[in-house]
Protein chains: 2
Amino acid sequence: MRADAARNRDKIVEAARQAFRTRGYDAPLDDIAKAAGVGAGTLYRHFPTRESLVDAVMQAWVERVNDAVGKVLAEGGTPRELLLRWFDTYVELISVHKGGPAKITRAMEDDTSPMRTKCQTLRAANAQIIDELGAALRPGVDSLQFARLVGGIASVVDQGNLPAPSVKPMLEVVVDGLLV
Amino acid sequence: MRADAARNRDKIVEAARQAFRTRGYDAPLDDIAKAAGVGAGTLYRHFPTRESLVDAVMQAWVERVNDAVGKVLAEGGTPRELLLRWFDTYVELISVHKGGPAKITRAMEDDTSPMRTKCQTLRAANAQIIDELGAALRPGVDSLQFARLVGGIASVVDQGNLPAPSVKPMLEVVVDGLLV
DNA sequence: CACGATACGGAGACACTCTCCGGTTAGCAA
DNA sequence: TTGCTAACCGGAGAGTGTCTCCGTATCGTG
């Protein structure tokens, strides 16, 4: 890739990061191109879909997820405390941008999604928690079910613009349902 | 209202019902107007927002919800059986149209929504179930929390195009978390 | 320094939303 | 039955956002 192309790509990603944070995932792509100081054609050549741009914006997110799950596991506590802490963290991780919970949760189900490697990270993080909890969890629980249950809650909170304290009681219900 | 206006309104609602069923809630409104054989201006005069049209389409839905909750209560069973049956029914009720779970669940939080009277029906139905279950439920559970938890699951299933059998295991987790 | 492969960009086509205002008609009173 | 007017209609067009095409620009190598 040419140097000017790399420069433009980075400018687009940074402009998108800003736009997604302030206006959500549905921020107009032509506006993002303008903010980046490039043409719309340039944006579309680097990122053919909104989702591929979102994936690029989430570059540092993988490390953030891994750090977070490591920290949650290191803090220990009862299975309930640990799972509640992880789910709290999980909601935070996927709620960075408005519309994020719905998009990321949907991408978890889609093996053709440009975000699939990022989703793999989330899946692996869930799997570490499941391994740690072992028999404390009801039978048949997997990584994807964690994603769906908590992603559903995060989506409702995000789309309904609910206050942060709404999350905890619902996570408690799910945690108590998951543990035996 | 003039007779021709009432006829047009009915035609629009029927065209919308078809469009929402086959193409989801985001079906283009100009297309719906065309299918109804009226002008876009006519559609917008009868229904200033997509949500007000959705509300009109849901006219018979109130009766359907009341019938459903009555039936669920009449069948009895253990608290777990009753609650699972209700949640199953709840997911079916809000998933009639693609995009329905997300929209209805969001409308539950919005007192200015044109769908608020329909949502009131859902809230009341949840309240009947909560009354019936009484002390079998963990403390602090209310009608809105039912709506959020189950609405979240329904949204994830709807948006991820998950198969119907995916729903049950997740509802079981929530039910077991809600009961003491 | 020249050249060509690679990258750019923005106008415009397309899709959808929604309003405006000239035209039409239902229904009522004389 | 007729005339009148308030209520209703409808569709063109302005606005917004997506995304492609192709003439132009420039990076990087020989």
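Bear in mind the structure is a predicted one, so any value in this text is a computation, not a measurement.
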Original post:
With a 4.0 Å cut-off on heavy atoms, is A5(B) in touch with a base, just the backbone sugar-phosphate, or nothing at all?
Top reply: sugar-phosphate
**OP:** Taking only the side-chain heavy atoms of P28(A) (C-beta and beyond), determine which of dC8(D), dT18(D), dC16(C) contains the nearest atom.
**Re:** dT18(D)
Original post:
Can a donor-acceptor pair be found between the side chains of Q128(A) and E132(A) at a distance below 3.5 Å?
Top reply: no
**OP:** Just call it for A3(B): base, sugar-phosphate, or nothing, with non-hydrogen atoms closer than 4.0 Å on any strand.
**Re:** sugar-phosphate
Original post:
Should we count CG of D111(A) as having more than 12 external heavy atoms under 6.0 Å?
Top reply: no
Original post:
Which is true for R50(A) with a 4.0 Å heavy-atom rule: it touches a base, it touches only sugar-phosphate, or it touches nothing?
Top reply: sugar-phosphate
Original post:
Which part of the nucleic acid, if any, lies within contact of D30(B), taking any heavy atom under 4.0 Å across all strands shown: a base, the sugar-phosphate backbone alone, or nothing?
Top reply: base
Subject >> Sugar-phosphate only, base, or nothing, as touched by R7(B) at under 4.0 Å among non-hydrogen atoms >> reply: nothing
Original post:
Where the side chain of W86(A) meets the backbone of L73(A), is there a donor-acceptor pair that is under 3.5 Å apart?
Top reply: no
**OP:** Provide, to the nearest angstrom, the distance between the CZ atom belonging to R2(B) and the P atom belonging to dT25(C).
**Re:** 9 Å
Subject >> Which residue lies more 5' along DNA chain C, comparing G39(A) with L29(B) via nearest heavy atoms >> reply: G39(A)
**OP:** Just call it for N8(A): base, sugar-phosphate, or nothing, with non-hydrogen atoms closer than 4.0 Å on any strand.
**Re:** sugar-phosphate
Original post:
Taking the side chain of Y44(A) as heavy atoms from C-beta outward, which of dG9(C), dC19(D), dG10(D) is closest to it?
Top reply: dC19(D)
Original post:
Looking at R85(B) and V72(B), what are the two nearest heavy atoms and their distance?
Top reply: NH2-O, 3.0 Å
